[in-house]
There are 2 protein chains.
Amino acid sequence: MKSPQVSISDIARDLGVAPSTVSRALKNHPEISRDTCLRIQEYARKVNYRPNALALGLKQQKSFTIGVIIPEIVHHFFSSVISGIEDLAYGKGYRVIICQSNEDYHREVINVEALSDHRVDGFLVSISKSTRDNKHFLNLSEQGIPIVFMDRATPEVDSDRVLTNDFEGARLVVSHLLKRGCRNIIHLAGPQHLSVGRERYLGYAEALKEAGVPLQDELVLKCDTPARVAQHSAKLLNLATGADAIFAVNDFTAVAAMRLLQDHGYIIPDQIAVAGFGDDPIATVVRPSLTTVEQRGYDIGKEAARILLNRLSGETEEDFKTKIFPAFLKVRDSG
Amino acid sequence: MKSPQVSISDIARDLGVAPSTVSRALKNHPEISRDTCLRIQEYARKVNYRPNALALGLKQQKSFTIGVIIPEIVHHFFSSVISGIEDLAYGKGYRVIICQSNEDYHREVINVEALSDHRVDGFLVSISKSTRDNKHFLNLSEQGIPIVFMDRATPEVDSDRVLTNDFEGARLVVSHLLKRGCRNIIHLAGPQHLSVGRERYLGYAEALKEAGVPLQDELVLKCDTPARVAQHSAKLLNLATGADAIFAVNDFTAVAAMRLLQDHGYIIPDQIAVAGFGDDPIATVVRPSLTTVEQRGYDIGKEAARILLNRLSGETEEDFKTKIFPAFLKVRDSG
DNA sequence: AAAACCAACGCAAACGTTTGCGGATAAAAC
DNA sequence: GTTTTATCCGCAAACGTTTGCGTTGGTTTT
């Protein structure tokens with residue numbers, strides 16, 4: 001029953017040639033005769049020879065593997081990102097190792113080390129919320145291992161980035177709410193040390209400014225998960241009495257807020273409008289359906305992988321670039 | 001800027017000892033003196049030595065990596081499974097390489113080969129819907145590489161399995177619908193060559209039998225995605241006129257059906273009840289909230305990884321086992 | 001017929017580890 | 001003062017590849 005993997009040496013022994021000949025024959029090296037090539041290739045197929053990627057990686061100092069670190073795979077946005085990465089990478093002969101940080105800094109560091117141990121050729125990273133120190137990423141840069149940040153980036157590390165136009169997306173959706181007549185718009189904000197949270201807040205502020213509506217600091221609440229909505233429910237309900245709209249930094253927080261308000265008798269969007277960010281599938285399924293901003297995870301992943309692979313193949317030698325995907329407003333029933 | 005990874009030989013050279021001494025010192029081998037051990041370990045830490053997992057894997061014929069093949073990562077169930085796998089595997093020093101088959105047989109085969117090339121120590125698999133031929137899995141078995149199937153299994157391959165009690169779950173939810181007074185229950189069924197689809201259908205049939213309600217073949221529709229719901233919308237709407245409930249093989253299909261009916265004026269659950277399977281987050285967010293069956297992806301993933309790692313460590317030598325997680329009915333507002 | 005050449009293949013080192021075995025030094029036993 | 005024993009360490013092979021260079025034969029030049 002056990003038939004272990006066959007190696008090049010096995011083939012060489014069976015066919016009475018040298019391992020080097022087998023190696024060359026398998027890649028149609030011109031210095032091997034047509035006959036020998038065919039004979040070896042046929043035999044290799046027969047015994048189902050498969051090259052050992054570990055040995056190959058060791059020899060060539062290149063593992064043809066890229067490491068991905070994301071906060072949480074269960075979020076639709078991130079799983080879309082992964083799909084994009086995989087579709088591109090696998091097409092070019094690269095494998096992908098995925099790690100989750102679970103929004104935990106320490107785990108993120110562990111992940112970097114583990115992937116580094118496996119000699120991944122490059123990194124695709126979405127930084128965890130709790131990460132304040134970026135030394136682990138700087139280390140990689142020093143070693144010449146390329147990183148491309150996706151969606152969540154830090155200015156501390158000089159590298160490529162692929163982002164959504166968070167600022168513009170937030171500005172668009174808040175402008176929309178203002179045009180609808182809303183004047184007291186609550187913002188459920190994300191962490192301000194990450195570009196995502198910061199830019200969306202700034203877009204919110206810009207929209208208000210453009211409309212000549214003063215920014216009220218007390219309407220900005222640091223609250224970016226359903227859990228935090230539950231935690232701050234009293235405060236949020238209190239705020240809501242004087243508000244006519246909510247703009248949340250992501251869709252699940254928006255939906256959680258919507259639920260909370262509905263449970264307390266609010267009619268949405270008549271009494272209070274709600275908007276999110278990301279266009280999660282949840283947005284179309286919730287009632288009323290959620291107004292939000294489209295954020296194309298699949299495309300972001302694919303583009304990030306493309307940039308990384310270009311660097312790895314040495315085609316890109318220029319300075320680091322930041323690719324920003326446009327944000328599109330998705331007006332639905334909630335606001 | 002470029003400071004390449006340091007190897008054991010580098011340390012040996014710098015410290016004037018042999019590589020073997022360094023190797024042993026790093027793992028506190030008793031034959032190395034306390035002094036040398038400390039000196040080497042300190043230096044290793046200083047230069048940030050990290051073992052090369054490729055070399056290690058090559059030498060020990062063990063990569064400490066497990067391969068995961070799932071249909072689509074964007075489904076909450078599967079991403080939960082992955083989280084469970086990772087949490088267990090990383091804790092025991094194993095890495096995880098994830099591949100998506102996208103429900104495509106050919107891609108599944110490619111994935112098996114790719115992971116096999118990387119000499120993963122074992123496989124965790126949820127079979128793609130379009131897979132009819134299981135030769136690629138049988139090959140692995142022949143080579144003595146352990147597989148644990150999760151959720152979707154095939155009887156053709158002798159291996160460990162971790163499943164939900166699909167039969168019982170379906171029986172429970174259909175019984176519930178019957179108790180509610182429904183008599184003409186449509187079943188949106190999954191593919192019958194996979195245990196999941198088959199068992200859920202059988203549970204549906206069993207519940208009807210127990211209640212003395214005859215099974216009407218024309219009420220069973222092969223339809224297990226929102227896309228298929230859209231595709232079969234006319235037929236479904238036609239069926240619905242004479243039905244009082246729908247039991248769908250999964251939650252997104254249930255929700256899609258619910259939407260379709262609602263768009264055509266149906267009041268749910270008054271005119272027609274709807275139930276799904278899986279307890280996707282979508283179930284709690286949709287209105288009316290969806291009655292469904294809980295299916296613990298995280299636990300399934302964790303258990304599957306546990307079983308696989310036990311086999312890898314040689315602790316398990318017995319026959320293959322099938323672990324079946326109980327199914328719990330989640331009664332909500334839709335039926 | 002010696003020199004030069006070419007086609008086809010083998011040798012051996014290298015990638016970074018681990019590990020069995022043997023060797024050196026020094027202390028302990030006789 | 002020789003032998004034993006223990007302690008500490010180095011040599012070299014091996015894992016599966018790739019690749020520069022060397023080695024065969026045999027064919028073509030002059």
Side-chain angles (χ1 to χ4, degrees), chain A residues 3-41 43-44 47-65 93 113-114 116-121 143, chain B residues 3-41 43-44 47-65 93 113-114 116-121 143:
Chain A
S3 60
Q5 303 267 46
V6 35
S7 74
I8 279 198
S9 320
D10 294 333
I11 299 183
R13 186 177 11 82
D14 295 352
L15 259 42
V17 296
S20 52
T21 305
V22 177
S23 173
R24 284 189 251 252
L26 289 175
K27 28 184 68 72
N28 284 315
H29 194 282
E31 283 190 11
I32 304 297
S33 74
R34 188 109 201 86
D35 285 355
T36 329
C37 266
L38 289 178
R39 193 166 58 102
I40 290 177
Q41 286 173 10
Y43 187 76
V47 297
N48 194 28
Y49 167 75
R50 305 244 82 217
N52 186 322
L54 271 55
L56 237 157
L58 182 59
K59 174 68 188 171
Q60 327 224 94
Q61 299 293 73
K62 188 154 167 37
S63 62
F64 287 96
T65 303
E113 289 178 350
S116 199
D117 289 354
H118 278 261
R119 298 302 190 266
V120 295
D121 297 331
Q143 290 173 193
Chain B
S3 60
Q5 303 266 47
V6 36
S7 75
I8 278 197
S9 320
D10 294 334
I11 299 183
R13 185 177 14 78
D14 294 352
L15 259 40
V17 295
S20 51
T21 305
V22 177
S23 173
R24 285 190 250 253
L26 289 175
K27 27 184 69 73
N28 285 315
H29 194 284
E31 283 190 11
I32 305 296
S33 74
R34 189 105 200 89
D35 284 357
T36 328
C37 267
L38 289 178
R39 192 165 60 103
I40 290 176
Q41 286 173 12
Y43 187 76
V47 298
N48 194 28
Y49 167 75
R50 304 246 83 215
N52 185 323
L54 272 54
L56 238 157
L58 183 58
K59 175 67 187 170
Q60 329 225 93
Q61 299 291 75
K62 186 151 168 41
S63 62
F64 286 95
T65 304
E113 288 177 351
S116 198
D117 290 355
H118 278 261
R119 298 302 190 266
V120 296
D121 296 331
Q143 289 173 194

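A, B, ... follow the sequence lines: proteins, then strands. Residue 1 opens every chain. What's counted below: heavy atoms across the whole structure, side chains too, no hydrogens, waters or symmetry copies.
- If you find the closest nucleotide of DNA chain D to A:Pro19 and to B:Cys37, the one lying nearer the 5' end belongs to B:Cys37.
- Looking at residues two or more places apart in sequence or on another chain, you find no salt bridge (Lys or Arg N to Asp or Glu O under 4.0 Å) involving B:Arg39.
- Atom CZ of B:Arg13 sits about 10.0 Å away from atom CD1 of B:Ile11, to the nearest 0.5 Å.
- B:Asp14 meets the salt bridge (Lys or Arg N to Asp or Glu O under 4.0 Å) test with no other residue; sequence neighbours excluded.
- For DNA chain C, the residues of residues 8-18 of chain B within the heavy-atom distance limit of 4.0 Å (strictly under) are B:Ile8, B:Ser9, sorted by number.
- Think of the region where chain B sits on DNA chain D: with heavy atoms and a 4.0 Å cut, that region ends 5' and 3' at D:dC8 to D:dG16.
- From A:Leu56, atom CG reaches atom CG of A:Asn52 across 7.5 Å, with rounding to the nearest 0.5 Å.
- A:Gln61 meets the side chain to side chain contact (heavy atoms under 4.5 Å, CB included) test with no other residue; sequence neighbours excluded.
- Using a 4.0 Å heavy-atom distance criterion, A:Arg34 is classed as making no nucleic acid contact.
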**Report entry** For DNA chain C, the dot-bracket pattern of Watson-Crick and G-U pairs whose distances stay under 3.5 Å, | for other-strand partners
**Finding:** ||||||||||||||||||||||||||||||

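- Every residue two or more places apart in sequence or in another chain that forms a side chain to side chain contact (heavy atoms under 4.5 Å, CB included) with B:Thr65 is listed here: A:His118, B:Ser63, B:Arg95, B:Ile97, B:Val120.
- For the residue pair B:Asp10 and B:Val6, the shortest heavy atom distance occurs at OD2-CA, 3.5 Å.
- Contacts between residues 21-31 of chain A and DNA chain C, defined by a heavy-atom separation under 4.0 Å, are made by A:Thr21, A:Arg24, A:Glu31.
- When each of B:Ser20 and A:Leu56 is assigned the nucleotide of DNA chain D with its nearest heavy atom, B:Ser20 is the one assigned upstream, toward the 5' end.
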Show me, pair by pair, the donor-acceptor contacts under 3.5 angstrom made by side chains of residues 21-31 of chain B, not counting sequence neighbours?
residue	atom	partner	partner atom	Å
B:Asn28	OD1	B:Gln41	NE2	2.8
B:His29	ND1	B:Glu31	N	3.1

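- Once rounded to the nearest 0.5 Å, the distance linking CD1 of B:Ile40 with CG of B:Asp35 reads 11.0 Å.
- Within the 4.0 Å cut-off from OP1 or OP2 of C:dC9, at least one side-chain nitrogen or oxygen of A:Thr36 is found.
- With sequence neighbours left out, the side chain to side chain contact (heavy atoms under 4.5 Å, CB included) criterion links B:Ser9 to B:Ser7.
- By the side chain to side chain contact (heavy atoms under 4.5 Å, CB included) test, A:Asn48 pairs with A:Arg50, B:Gln143, sequence neighbours left out.
- Taking each heavy atom of A:Ala18 and A:Ala12 in turn, the nearest pair found is C-CB, 3.8 Å.
- Partners of B:Tyr49 by ring pair (Phe, Tyr, Trp, His ring centres under 6.0 Å), not counting sequence neighbours: none found.
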